[in-house]
Chemist: 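First, the structure itself, so that you have it in front of you.
Letters A, B, ... are given to chains in the order of the sequence lines, protein chains preceding strands, and every chain is numbered from 1. Any value given below was found using the heavy atoms of this structure, including those in side chains, with hydrogens, waters and symmetry copies removed.
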2 protein chains.
Amino acid sequence: MAKPDLPKPTEAELAILRVLWERGPSTVREVTEHLQDERGTGYTTALKLMQIMTEKGLVKRDESERSHVYEAVASAENTQRQIVGDLLDRVFGGSAQQLVMQALSAKRTSKVELAEIKELIAEFEKKAK
Amino acid sequence: MAKPDLPKPTEAELAILRVLWERGPSTVREVTEHLQDERGTGYTTALKLMQIMTEKGLVKRDESERSHVYEAVASAENTQRQIVGDLLDRVFGGSAQQLVMQALSAKRTSKVELAEIKELIAEFEKKAK
DNA sequence: AGTCGTCTACGAAGACTTTCGTAGATTGAG
DNA sequence: CTCAATCTACGAAAGTCTTCGTAGACGACT
């Protein structure tokens with residue numbers, strides 16, 4: 001099945017992963033520019049972080065070009081699930097409904113979104129015995 | 001309304017807050033003993049953390065007894081909401097339904113729980129226009 | 001008074017995270 | 001070839017978080 005058990009990304013690492021998920025494989029420069037707005041990350045800072053992430057196995061890089069191209073190893077979904085699972089234990093004592101409760105409270109959720117979430121749950125109900 | 005805007009608790013701080021929420025106001029010794037199992041936190045470590053948390057305003061303490069009694073300033077609900085709101089932005093780009101999706105995937109959720117969550121959503125639907 | 005156990009206070013070590021300066025390699029233009 | 005721009009690599013500073021050792025205060029008990 002291959003679940004190499006990657007470490008939980010730090011905050012800055014996560015910001016980089018988000019860019020890679022959105023853009024697909026990218027160079028340091030491309031990532032830096034995308035991060036500029038929300039973080040003001042400098043070029044060498046991003047480079048260093050991405051080098052560290054390579055060591056940790058969070059990203060892999062293609063060195064065939066002069067500007068190395070980095071790519072996220074884990075999908076957004078898998079990483080998000082890992083992070084939420086961790087949160088569930090650490091903050092909510094494993095209660096998914098409490099988490100959902102606070103998620104809906106934290107952000108005013110539109111009727112459309114609520115309906116979509118309901119559909120989601122209906123699907124899970126089919127699967128659950 | 002008084003929303004003093006407390007800092008986000010760190011991991012170790014959160015573990016302490018969880019004990020305070022569960023037990024109510026407690027001494028350092030009591031907290032340490034509760035934390036012993038899951039964290040192996042030493043007495044002076046807990047003490048130091050709780051002193052720092054006092055400075056940050058996360059807890060307040062009653063010094064009228066020789067053993068100071070600490071109490072969480074923010075409720076579990078408020079703190080959880082803050083943390084989830086932060087996560088929503090940082091990890092899910094603000095999409096509550098993606099968060100719910102991963103929460104339900106991360107933990108096998110029972111039919112009973114799913115039903116409860118559905119009720120929750122029904123209530124939110126009433127409030128939302 | 002002297003001793004023991006428990007308490008607070010404090011400082012500092014150690015680990016981890018993030019940032020950046022600098023050096024050296026490579027490429028393209030003049 | 002030389003220069004400027006751009007890249008990687010690396011080390012180290014600065015900040016934060018967590019841990020713990022040690023010191024001094026306090027109270028109870030003999």
Side-chain angles (χ1 to χ4, degrees), chain A residues 5-20 25-71 79 82-83 86-87 90-91, chain B residues 6-20 23 25-71 79 82-83 86-87 90-91:
Chain A
D5 202 28
L6 301 176
K8 190 170 107 180
T10 66
E11 215 160 63
E13 288 169 352
L14 191 63
I16 288 174
L17 285 175
R18 291 237 283 151
V19 175
L20 293 180
S26 308
T27 63
V28 173
R29 177 140 316 270
E30 291 165 339
V31 169
T32 303
E33 274 159 12
H34 254 252
L35 247 40
Q36 203 68 313
D37 314 322
E38 44 177 319
R39 290 208 135 226
T41 308
Y43 181 87
T44 55
T45 301
L47 171 65
K48 180 67 163 183
L49 280 170
M50 290 164 84
Q51 285 169 346
I52 292 172
M53 291 168 79
T54 305
E55 280 170 25
K56 290 189 185 175
L58 289 170
V59 299
K60 60 188 167 191
R61 74 175 158 196
D62 175 356
E63 308 182 0
S64 63
E65 303 284 331
R66 174 150 130 80
S67 297
H68 299 174
V69 175
Y70 292 77
E71 182 182 354
T79 305
Q82 179 193 358
I83 292 173
D86 181 60
L87 191 80
R90 269 190 14 255
V91 181
Chain B
L6 301 175
K8 190 172 102 177
T10 67
E11 215 161 72
E13 288 170 351
L14 190 63
I16 288 174
L17 285 176
R18 292 236 284 149
V19 175
L20 294 180
R23 296 195 76 256
S26 308
T27 63
V28 174
R29 178 141 316 273
E30 291 164 338
V31 169
T32 304
E33 273 159 13
H34 256 251
L35 247 41
Q36 202 69 313
D37 314 322
E38 44 177 319
R39 289 209 135 224
T41 308
Y43 181 86
T44 53
T45 300
L47 171 65
K48 179 67 163 182
L49 281 170
M50 289 163 84
Q51 285 170 346
I52 291 171
M53 290 167 79
T54 305
E55 279 171 26
K56 291 189 186 175
L58 290 170
V59 299
K60 60 188 168 193
R61 73 176 161 196
D62 176 355
E63 309 182 0
S64 64
E65 303 285 329
R66 176 151 129 77
S67 297
H68 300 174
V69 174
Y70 292 78
E71 182 182 356
T79 306
Q82 178 192 2
I83 292 173
D86 181 61
L87 193 79
R90 267 190 18 254
V91 182

Chemist: Using whole Å, what does the distance between atom P of nucleotide D:dA5 and atom CZ of A:Arg29 come to?
Modeler: 13 Å
Chemist: Using a heavy-atom cut-off of under 4.0 Å over every strand shown, decide if A:Glu11 touches base, sugar-phosphate, or nothing.
Modeler: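 Contact class for A:Glu11: sugar-phosphate only.
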Chemist: In whole Å, what is the span from the CD atom of B:Glu63 to the P atom of C:dA9?
Modeler: 6 Å
Chemist: Looking at A:Glu11 and B:Arg90, is there a salt bridge between them, counting it only when a charged N and a carboxylate O are closer than 4.0 Å?
Modeler: yes
Chemist: Do B:Glu33 side-chain atoms and B:Glu30 backbone N/O form a donor-acceptor pair below 3.5 Å?
Modeler: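 Such a contact is absent between B:Glu33 side chain and B:Glu30 backbone.
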Chemist: Counting only N and O atoms by type, is there a donor-acceptor contact under 3.5 Å from the side chain of A:Thr54 to the main-chain atoms of A:Met50?
Modeler: yes
Chemist: Measure from CD1 on B:Ile16 to P on D:dT18 and round the result to the nearest Å.
Modeler: 9 Å
Chemist: Could you tell me the separation between the CG atom of B:Leu58 and the P atom of D:dT16, rounded to a whole number of Å?
Modeler: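 Answer to the nearest Å: 15 Å.
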Chemist: Do the side chain of B:Glu55 and the main chain of B:Ile52 share a donor and acceptor less than 3.5 angstrom apart?
Modeler: no
Chemist: Taking NE2 from B:His68 and P from D:dA25, how many angstroms apart are they, rounded to a whole number?
Modeler: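 Rounding to the nearest Å, NE2 of B:His68 and P of D:dA25 are 15 Å apart.
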Chemist: How does protein contact run along nucleotides 19-30 of chain C, one letter per nucleotide 5' to 3', with B for base contact, S for sugar-phosphate only, - for none, heavy atoms under 4.0 Å?
Modeler: BBBB---BS---
Chemist: State whether B:Gln51 places a side-chain N or O below 4.0 Å from either non-bridging phosphate oxygen (OP1 or OP2) of C:dT8.
Modeler: no
Chemist: Tell me if a side-chain donor or acceptor on B:Thr32 pairs with a main-chain N or O of B:Val28 at a distance below 3.5 Å.
Modeler: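 Side chain of B:Thr32 to backbone of B:Val28: a pair is present.
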Chemist: What closest approach, in Å, do B:Leu35 and B:Ala15 show between heavy atoms, and which atom pair accounts for it?
Modeler: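 So the two residues come closest at CD1-O, 3.8 Å.
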Chemist: To the nearest Å, give me how far apart CG (A:Leu47) and P (D:dT6) are.
Modeler: 15 Å
Chemist: For the pair made of CE in B:Met53 and P in D:dT18, what is the distance, rounded to whole Å?
Modeler: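 Rounding to the nearest Å, CE of B:Met53 and P of D:dT18 are 10 Å apart.
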Chemist: Please confirm whether the shortest side-chain N or O distance from A:Tyr43 to OP1 or OP2 of D:dT8 is below 4.0 Å.
Modeler: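 The answer is yes; a side-chain N or O of A:Tyr43 sits under 4.0 Å from OP1 or OP2.
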Chemist: Measure from CD on A:Glu55 to C1' on D:dG11 and round the result to the nearest Å.
Modeler: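 That distance rounds to 13 Å.
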Chemist: Can you see which heavy atom on A:Pro7 is nearest to which on A:Leu58, and at what distance?
Modeler: O-CD2, 3.5 Å
Chemist: C:dT6 phosphate, OP1 or OP2: any side-chain N/O from B:Ser67 under 4.0 angstrom?
Modeler: no
